[in-house]
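Notes for the one structure printed next.
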2 protein chains.
Amino acid sequence: MERYRDIGLKLTPQRLAILEFLDGNTSHPSAEDIYNAVKEKFPTMSFATVYNTLETLRKRGLLLELNIDPERKRYDPNIEPHHHMICLRCKKVVDVHFEFDIKIPAEQLKDFHLLGNHIEFYGICPDCR
Amino acid sequence: MERYRDIGLKLTPQRLAILEFLDGNTSHPSAEDIYNAVKEKFPTMSFATVYNTLETLRKRGLLLELNIDPERKRYDPNIEPHHHMICLRCKKVVDVHFEFDIKIPAEQLKDFHLLGNHIEFYGICPDCR
DNA sequence: GTTACTGCAAAGCTTTTGCATCCCT
DNA sequence: AGGGATGCAAAAGCTTTGCAGTAAC
């Protein structure tokens with residue numbers, strides 16, 4: 001956790017609680033999920049603090065903002081490149097740690113300069129079958 | 001256009017204008033883009049009508065709702081499975097019509113029943129280079 | 001004539017912002 | 001002590017909804 005202070009972040013108790021909740025979390029929580037979780041420790045916690053902290057972390061490259069849910073932003077503390085499997089029924093999102101070798105044919109690529117990719121897999125999870 | 005009536009949709013002038021704007025459109029417009037475009041023909045056009053029509057089309061599988069933009073929903077009249085290339089600078093979205101052979105290793109797949117996938121490619125488009 | 005659609009306005013959600021206060025360093 | 005963070009409330013932006021009037025079938 002000291003590494004946060006090293007990059008110029010003030011380690012307030014609220015932030016520590018948010019960081020602790022996010023650390024190793026693979027549930028891809030929304031801002032509200034985070035707010036609800038941390039509010040138990042800090043009843044005065046506000047959405048502003050949650051959003052401010054998330055934005056601060058994102059700007060420093062310590063957090064990813066995911067577009068996998070059309071209704072709200074989801075956050076992922078795992079900044080390693082990876083993909084996601086989404087259950088169409090319960091909306092659960094599972095990480096897929098595997099590097100796929102996908103190459104776009106040159107005639108489609110034109111002069112686009114590729115920097116990365118993200119795959120969303122859709123299906124039905126074991127629990128929903 | 002008659003096919004819309006065949007599936008039980010009333011062909012109002014407003015709807016025809018929306019359908020005409022969407023037909024063959026590869027710009028992945030937002031609801032506001034569609035509203036602005038159609039408002040020129042129908043100054044009384046309301047967002048309610050745009051959203052109602054989009055939702056009606058989506059429910060009938062005639063339109064895709066895209067999650068590629070965290071700020072707003074984008075719509076795609078091309079319902080053929082395809083992927084997207086997104087310019088990180090100008091946010092332009094280009095279709096990628098190519099089927100990639102991607103298989104998730106069994107130990108990652110678990111008992112997830114896969115139904116489809118969508119790849120977002122990130123990079124810089126020729127215009128922005 | 002029925003039924004579904006339109007358009008306005010209001011409301012609902014998520015996210016952002018202004019600002020006074022607070023507290024980490 | 002100083003500068004950034006917190007928390008409240010208000011506002012902003014996108015999307016949905018209620019409802020009365022209207023038009024397609």
Side-chain angles (χ1 to χ4, degrees), chain A residues 1-22 28-60 62-75 91, chain B residues 1-22 28-60 62-75 91:
Chain A
M1 289 289 167
E2 285 307 307
R3 68 191 175 108
Y4 293 108
R5 186 166 11 231
D6 294 345
I7 58 174
L9 294 184
K10 284 190 181 173
L11 287 188
T12 66
Q14 292 88 339
R15 276 194 175 168
L16 281 170
I18 293 174
L19 288 169
E20 194 179 321
F21 175 73
L22 287 176
H28 312 86
S30 65
E32 189 176 6
D33 294 335
I34 297 166
Y35 171 75
N36 287 333
V38 180
K39 199 181 172 63
E40 297 184 10
K41 270 192 183 171
F42 292 91
T44 63
M45 171 71 57
S46 75
F47 268 106
T49 297
V50 172
Y51 279 110
N52 285 341
T53 300
L54 294 175
E55 178 61 8
T56 299
L57 293 173
R58 193 196 59 75
K59 276 207 296 242
R60 286 185 165 61
L62 300 170
L63 184 69
L64 293 180
E65 213 176 84
L66 302 181
N67 294 345
I68 48 184
D69 183 339
E71 311 306 326
R72 60 189 58 74
K73 292 178 183 171
R74 303 279 212 106
Y75 297 89
K91 309 295 177 197
Chain B
M1 289 288 168
E2 284 307 307
R3 67 191 175 108
Y4 293 108
R5 188 169 7 234
D6 294 345
I7 59 175
L9 294 184
K10 285 189 181 174
L11 288 189
T12 66
Q14 292 88 339
R15 275 194 177 169
L16 281 170
I18 293 174
L19 289 169
E20 193 179 322
F21 175 73
L22 287 176
H28 314 85
S30 65
E32 190 177 5
D33 294 334
I34 297 166
Y35 171 76
N36 287 333
V38 182
K39 198 181 174 63
E40 298 185 10
K41 270 194 184 172
F42 292 91
T44 62
M45 170 71 57
S46 74
F47 268 105
T49 297
V50 172
Y51 279 111
N52 285 340
T53 301
L54 294 175
E55 178 61 8
T56 299
L57 292 173
R58 193 196 59 75
K59 278 207 296 241
R60 286 183 166 64
L62 301 170
L63 183 70
L64 293 180
E65 212 177 85
L66 302 181
N67 294 345
I68 49 183
D69 184 340
E71 311 307 326
R72 58 189 61 74
K73 292 179 182 171
R74 303 278 213 106
Y75 296 90
K91 308 296 177 197

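Lettering of chains follows the sequences in order, A, B, ..., and the numbering in each one begins at 1.
Taking the side chain of A:Arg15 as heavy atoms from C-beta on, and the options D:dT15, D:dT6, D:dG7, the nearest nucleotide is D:dT6. Relative to the side chain of A:Lys10, the nucleotides D:dG2, C:dG7, C:dT6 differ in distance, and D:dG2 lies closest. Across C:dT16, D:dC8, D:dA24, the shortest atom-to-atom separation from the side chain of A:Ser46 is found for D:dC8.
Counting any heavy atom pair closer than 4.0 Å across all strands shown, B:Pro43 reaches no nucleic acid atom. Within 4.0 Å of B:Glu71, counting heavy atoms only, lie sugar-phosphate atoms of the nucleic acid but no base atom. Within the nucleic acid shown, A:Pro70 has no heavy atom closer than 4.0 Å to any nucleic acid atom.
Within the 3.5 Å criterion, the main-chain N or O of B:Leu66 finds no donor-acceptor partner in the side chain of B:Arg74.
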Hey, mind stepping through A:Asn52 and A:Thr49 against side-chain hydrogen bond (donor to acceptor under 3.5 Å, both in side chains) and telling me if it holds?
CA-CA 5 Å; A:Asn52 285 341; A:Thr49 297; 5.4 Å; no

Please determine whether side-chain contact (heavy atoms from CB on, under 4.5 Å) holds for the pair B:Thr53 and B:Leu19, giving the CA-CA distance in whole Å, both sets of side-chain angles, and the decisive distance to 0.1 Å.
CA-CA 9 Å; B:Thr53 301; B:Leu19 289 169; 5.7 Å; no

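When the C1' atom of C:dT15 is taken as reference, atom CZ of A:Arg74 falls 16 Å away, rounded to whole Å. Rounding to whole angstrom units, CD of residue A:Glu55 and C1' of C:dT16 are separated by 10 Å. Distance A:Lys59 NZ to D:dG4 P: 12 Å, rounded to the nearest Å. Here C:dT6 presents its P atom at 7 Å from CD1 of B:Ile18, a figure rounded to the nearest Å. In this structure, OH of B:Tyr51 is placed 16 Å from P of C:dG7, rounded to the nearest angstrom. Following rounding to the nearest Å, A:Leu19 (CG) and D:dA5 (P) show an atom-to-atom distance of 12 Å. Remark: P of C:dA9 and CZ of B:Phe47 are 14 Å apart, rounded to the nearest angstrom. Atom C1' of nucleotide D:dT15 and atom CD of B:Glu32 are separated by 12 Å, given to the nearest angstrom.
Regarding contacts with the backbone of C:dC23, every side-chain N or O of A:Gln14 stays at 4.0 angstrom or more from both OP1 and OP2. Here A:Arg72 does not reach the OP1 or OP2 of C:dT15: none of its side-chain N or O atoms lies under 4.0 Å away. The side chain of A:Thr49 contributes an N or O atom lying less than 4.0 Å from OP1 or OP2 of D:dG7. For the pair B:Lys39 and C:dG7, the criterion of a side-chain N or O lying under 4.0 Å from OP1 or OP2 is not met.
Summary of the strand contacts: A:Leu9 and B:Ala48 both lie near DNA chain C, and taking for each the nucleotide with the nearest heavy atom, the more 5' one is attributed to B:Ala48. Sequence order on DNA chain D of the closest nucleotides to B:Thr12 and B:Ser30 puts B:Ser30 first from the 5' end.
At a threshold of 4.5 Å between non-hydrogen side-chain atoms, the residues A:Leu62 and A:Ile7 count as touching. Two residues are said to be in side-chain contact when any heavy atoms from C-beta on lie closer than 4.5 Å; A:Arg15 and A:Thr56 meet this criterion.
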